[in-house]
Chemist: 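Okay, handing you the structure first.
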Number of protein chains: 2
Amino acid sequence: MAGSTLRDVARRAGVSIRTVSNVVNGSVPVSEELRTRVQAALDELDYRPNLVARNLRRGRSGMIALVVPELDVPYFAELAREVITAARAHGYVVMLDQTDGDGERERELLGRESRATMFDGLLLSPLTISAEELRSRTNRVPVVLLGEHIFNGSFHHVAIDNVAAAREATEHLLGLGRRRVAAIGDQPYSTGETAQLRTIGYRQALERAGHAVDEELIVPTQRFHRHLGAQAMEHLLALPEPPDAVFCYNDLLAIGAMRAAARAGVRVPDDIAVVGVDGIQEGQYSSPSLTTVAPDKAEIARTAVGTLLGVIDGSAPPPTETKAPHRLLVRESTVGVGGAGP
Amino acid sequence: MAGSTLRDVARRAGVSIRTVSNVVNGSVPVSEELRTRVQAALDELDYRPNLVARNLRRGRSGMIALVVPELDVPYFAELAREVITAARAHGYVVMLDQTDGDGERERELLGRESRATMFDGLLLSPLTISAEELRSRTNRVPVVLLGEHIFNGSFHHVAIDNVAAAREATEHLLGLGRRRVAAIGDQPYSTGETAQLRTIGYRQALERAGHAVDEELIVPTQRFHRHLGAQAMEHLLALPEPPDAVFCYNDLLAIGAMRAAARAGVRVPDDIAVVGVDGIQEGQYSSPSLTTVAPDKAEIARTAVGTLLGVIDGSAPPPTETKAPHRLLVRESTVGVGGAGP
DNA sequence: TGCGCCTTTTGCAACGATGCAATAGCTGAG
DNA sequence: CTCAGCTATTGCATCGTTGCAAAAGGCGCA
């Protein structure tokens, strides 16, 4: 009862292997008589094509891999969902792997013994790996980068305009009349530049509004997790002159920050307004609900998958830099219960 | 510069294909001289084994698939993380797919043209598909079920003890002196029985404590999402005699319920205590933080992967029913800020 | 010197499918 | 009645790798 092959079916139907293959694929015309006979044999033996063999012969696997730092970070989970959906629309399936933001694992993924050759292409959301490294290791596999920008123009890349997103978030806070706006999530020493771009946007907003940047209010965090947001917030609240608003570089930091505020008896948004980035579902149901800059994840996924498939079939232009749309979702964490949106 | 093969390397090194293969695999001894010569050729050509070909020959892919209803449901994302980790420990990688709880998609996954044959095994968290269907469609691929129990003993299955989990959650509420304990999330008409088991546990707790079950307080929901939890809570709060505690069948429902309570000006836990199931990270940082019955996801993943690999290599016993451990994490949503744990 | 034994290296077939080109079978025109 | 021209069917080679078993080479021992 182990998987039957074309040969088994052919033998049973009394035809050649090739004819069975033709029936299965439907590309070549087959006479009505043989078709039914073969079909019967297919059914009786419950034939399932061996996709590994098919892939070998066709030189395509129909699989792409999506590599993210952590799957249990809601942003990546929600993005993964969209990527799977987008890939399915093109008949592709998605392998998921996570690197835990560990450079070793990222490298391993591209190394000699990696499984990368099993996939037609790679969607990569790198955290620590650098540009040259990436290039030297991926001369075979088509790659599209998500989120993190890597400087030299050797890769296709899809992300939101991080500077603009951060600027808009900060301007929103300033527009509400907040005067001491802090920032949580800078990563001045990281290879990834997302955080740095957001810091630039934050500074731009302050400067354009004619405010001085108080370096004390820019709190770096190693990574973008809830507990680090909480720590950072505790630090800010302990300042002699605490902020009245915080721009967090992602929603998890913001949620951690709100939690710390609640614990300290500081009211959001009355005492301190909070805004995040990512537009994760969690922020809709937090108390208060979270104002956030939401990237259009479905659009990011569609663009990334589309570009990757273009690279795979050779129809893609040279590496492009695609900016995906984002928008500010205003909720209770900045405007209170009165003015909240969805 | 398209991928070089064993043949290319062999030609360049002036040896047979087989010898190159031996060097690459290291299983058969190769003389020092040839080894270095071959190694040089490997490096110069940047040889990467074609895993599709290797898999075809070896009859194994080293991949398992994990199929969940929705990847952006935190429980599944967190579980997926653990599964990926557990699989990696055995040298396996994980393909992820989601069915959106759509029976069609679940069936498609197992159907004739499915990619299931590409994987050595399947971890399946089914929502709607029934037992016979599953059995009739998976006579080839090794399968282990996660979460949902399917009655007849034809599949390996890993889950927590849902009755006990629900009972403990409810008992916790009763132990706090709550008298009108509601339940959100029953699914009396669903094929999956998780919800039904939790209802049984809920009833058990009430009955053992000598309370009558008020059917009005059992609110069914189509699925386990935040907004449905919120709806259910609104319904409960509108009752002539609203409950003073709610057992929600998962954390998302609970978070939605807490949100609805907050919006209605009802305090948690003072006016109404809330407990969920799943132990997702989100519940640690909600305000108030969420009391929950947390399954040991890492253990579930390890057991499931271990069992599946056992089925794959034929060393597994007949289908087993494995109960994974769970524990009650008491937090603010039931005991307030004073007695909260992590 | 010759034989057997051990080690290294190799050739061939196979995994299961599909591309290509040739064959078999048929029709209709001349 | 023959032959071109078409369609349905087939055989063979191939994708890149590995299992198997035989060949080649080296060595010690009788």
Side-chain angles (χ1 to χ4, degrees), chain A residues 2-39 41-42 45-63 112-120 140-141, chain B residues 2-39 41-42 45-63 112-120 140-141:
Chain A
S4 40
T5 72
L6 283 185
R7 203 218 308 279
D8 304 327
V9 178
R11 203 162 359 213
R12 181 174 195 110
V15 298
S16 76
I17 291 183
R18 198 55 245 235
T19 299
V20 180
S21 170
N22 288 339
V23 170
V24 170
N25 288 291
S27 45
V28 176
V30 175
S31 72
E32 199 46 38
E33 188 214 334
L34 278 200
R35 169 180 310 282
T36 49
R37 210 161 82 217
V38 169
Q39 191 59 54
L42 285 171
L45 295 178
D46 191 21
Y47 169 79
R48 320 262 178 127
N50 179 322
L51 297 181
V52 177
R54 178 181 283 177
N55 291 342
L56 173 60
R57 186 59 243 235
R58 290 189 179 164
R60 285 258 187 118
S61 71
M63 297 192 294
R112 163 127 342 146
E113 277 300 319
S114 91
R115 313 225 178 214
T117 54
M118 220 167 0
F119 307 108
D120 297 342
R140 302 237 182 300
V141 194
Chain B
S4 40
T5 71
L6 284 184
R7 204 218 307 281
D8 304 328
V9 178
R11 205 166 354 220
R12 181 172 195 113
V15 298
S16 77
I17 293 183
R18 197 55 244 236
T19 299
V20 180
S21 170
N22 288 339
V23 171
V24 170
N25 288 291
S27 44
V28 176
V30 176
S31 71
E32 199 47 38
E33 190 215 335
L34 278 200
R35 170 181 307 284
T36 51
R37 211 160 83 216
V38 169
Q39 190 58 55
L42 285 170
L45 295 178
D46 191 21
Y47 169 80
R48 320 260 179 128
N50 179 324
L51 296 181
V52 177
R54 178 179 284 177
N55 291 342
L56 173 60
R57 186 59 244 234
R58 291 190 179 164
R60 287 261 187 116
S61 71
M63 297 193 294
R112 162 108 10 126
E113 277 299 319
S114 92
R115 314 224 179 217
T117 56
M118 219 168 1
F119 307 108
D120 297 342
R140 301 236 183 303
V141 194

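Chain naming here is simple, since letters A, B, ... match the order of the sequence lines and numbering starts at 1 in each. We use all heavy atoms of the structure for the numbers below, so side chains are in, but hydrogens, waters and symmetry mates are not. Remember, predicted model here, so these are calculated numbers, not experimental data.
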Chemist: Taking atom types as they are modelled, would you say the side chain of B/R57 forms a donor-acceptor pair with the base of C/dA14 within the 3.5 Å cutoff?
Modeler: yes
Chemist: CG of A/L6 versus C1' of C/dC15: gap in Å, rounded?
Modeler: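 In whole Å, C/dC15 C1' lies 13 Å from A/L6 CG.
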Chemist: Tell me: CG of A/L56 to C1' of C/dT18, nearest whole Å?
Modeler: 10 Å
Chemist: Provide the closest heavy-atom pair for B/R48 versus A/T117 in the form atom of the first, atom of the second, distance.
Modeler: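 Reported closest heavy-atom pair: CB-CG2, 3.9 Å.
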Chemist: What is the distance, to the nearest angstrom, from the CZ atom on A/R48 to the P atom on C/dA17?
Modeler: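 Going from A/R48 (CZ) to C/dA17 (P), I get 13 Å.
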Chemist: Please report the shortest heavy-atom distance between A/M118 and B/S61, naming the atom on each side.
Modeler: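 Minimum heavy-atom contact is SD-O, 4.4 Å.
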Chemist: What's the CD-C1' distance between A/E32 and D/dT9, to the nearest Å?
Modeler: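 Those two atoms, CD and C1', are 16 Å apart.
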Chemist: Counting side-chain heavy atoms from CB outward, which of D/dC15, C/dG16, D/dT17 is closest to A/A53?
Modeler: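 Of the options given, the side chain of A/A53 lies nearest C/dG16.
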Chemist: Please answer whether the main-chain N or O of B/V52 pairs with a side-chain N or O of B/N55 as donor and acceptor at a distance below 3.5 Å.
Modeler: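 Not confirmed, B/N55 side chain does not pair with B/V52 backbone.
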Chemist: Rounded off to whole Å, could you give me the OH-to-P distance for the A/Y47 and C/dG16 pair?
Modeler: 10 Å
Chemist: According to a strict under-4.0 Å criterion, is B/R54 in side-chain N/O contact with OP1 or OP2 of D/dG16?
Modeler: no
Chemist: Strictly below 4.0 Å: does B/N25 bring a side-chain N or O up to OP1 or OP2 of D/dT18?
Modeler: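 The answer is yes; a side-chain N or O of B/N25 sits under 4.0 Å from OP1 or OP2.
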Chemist: For a quick check, with a 4.0 angstrom heavy-atom cut-off, what is the B/S/- contact string for nucleotides 6-11 of chain C, read 5' to 3'?
Modeler: --SBBB
Chemist: Between B/S4 and B/L45, what is the shortest heavy-atom contact and its length?
Modeler: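 The answer is OG-O, 3.0 Å.
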Chemist: Within the distance-only criterion (no hydrogens, no angle test), does the side chain of A/D120 pair as donor or acceptor with the backbone N or O of A/R60 below 3.5 angstrom?
Modeler: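 No: the side chain of A/D120 does not pair with the backbone of A/R60.
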Chemist: Just report the end-to-end axis angle for the helix from C/dT1-D/dA30 to C/dG30-D/dC1, five pairs per end, to 10 degrees.
Modeler: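 End-to-end axis angle: 70°.
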Chemist: Is a side-chain N or O of B/T19 found less than 3.5 angstrom from the main chain of B/A10, in a donor-acceptor match?
Modeler: no
Chemist: Return the value, rounded to whole Å, for the distance between atom CG of A/N55 and atom C1' of C/dT18.
Modeler: 12 Å
